Amino acid sequence: MDRRKRLVVGGLWIAVALVMATTLDLGVPSSVSGAARLFVVVLALFLASVYLLDPWNVVSDPFRQE
């Protein structure tokens, strides 16, 4: 995956995290739905960091055929 596509996908995951973060209340979540929303935000930020930083060379593996 080239750099431009990785930036677009990483930006989309950041946008997902921002939208989900607007639904969270301040403080520690006290319900299951609040915990699930927090999990989605953390997961989206993790996926954004994988696409933007590519720390384990997962996204831009040169031997993978597309």
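What you see is a predicted model; the values in this text were computed from it and never measured. All heavy atoms count here, side chains included; hydrogens, waters and symmetry mates do not. Just so you know, residue 1 is the first one in the sequence shown, and it goes up from there.
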>> With clusters defined by side-chain heavy atoms of hydrophobic residues (ILVMFWY) lying less than 4.5 Å apart, directly or transitively, does Ile14 cluster with Val41?
In response: no

> Pairs in or reaching into residues 8-29: which pass side chain to side chain donor-acceptor pair (under 3.5 Å), with residues at least two apart or in two chains?
Replying inline: none

> Are Leu53 and Trp56 joined in one hydrophobic group, where the rule is that I, L, V, M, F, W and Y side chains link up if heavy atoms are under 4.5 Å apart?
Replying inline: no

> Hey, what do you get for CZ (Arg6) to CG (Leu52), rounding to the nearest 0.5 Å?
Replying inline: 8.0 Å

>> With a 4.5 Å cut-off on side-chain heavy-atom distances among I, L, V, M, F, W and Y, is there a chain of contacts connecting Val50 to Leu18?
In response: no

> Can you name the nearest heavy-atom pair linking Gly34 to Pro29, along with the distance?
Replying inline: C-CB, 3.6 Å

> If you group Ile, Leu, Val, Met, Phe, Trp and Tyr whenever their side-chain heavy atoms sit less than 4.5 Å apart, what else falls in with Val8?
Replying inline: Leu12

> Other hydrophobic cluster members with Leu26, side-chain heavy atoms of Ile/Leu/Val/Met/Phe/Trp/Tyr under 4.5 Å, chained?
Replying inline: none

> Looking at Ala48 and Gly10, what are the two nearest heavy atoms and their distance?
Replying inline: CB-O, 3.7 Å

>> So which atom in Val16 and which in Ala44 form the shortest heavy-atom distance, rounded to 0.1 Å?
In response: CG1-CB, 4.2 Å

>> Working to the nearest 0.5 angstrom, can you tell me the gap between Ser33 OG and Leu38 CG?
In response: 11.5 Å

>> Working to the nearest 0.5 angstrom, can you tell me the gap between Met20 CE and Leu45 CG?
In response: 11.5 Å

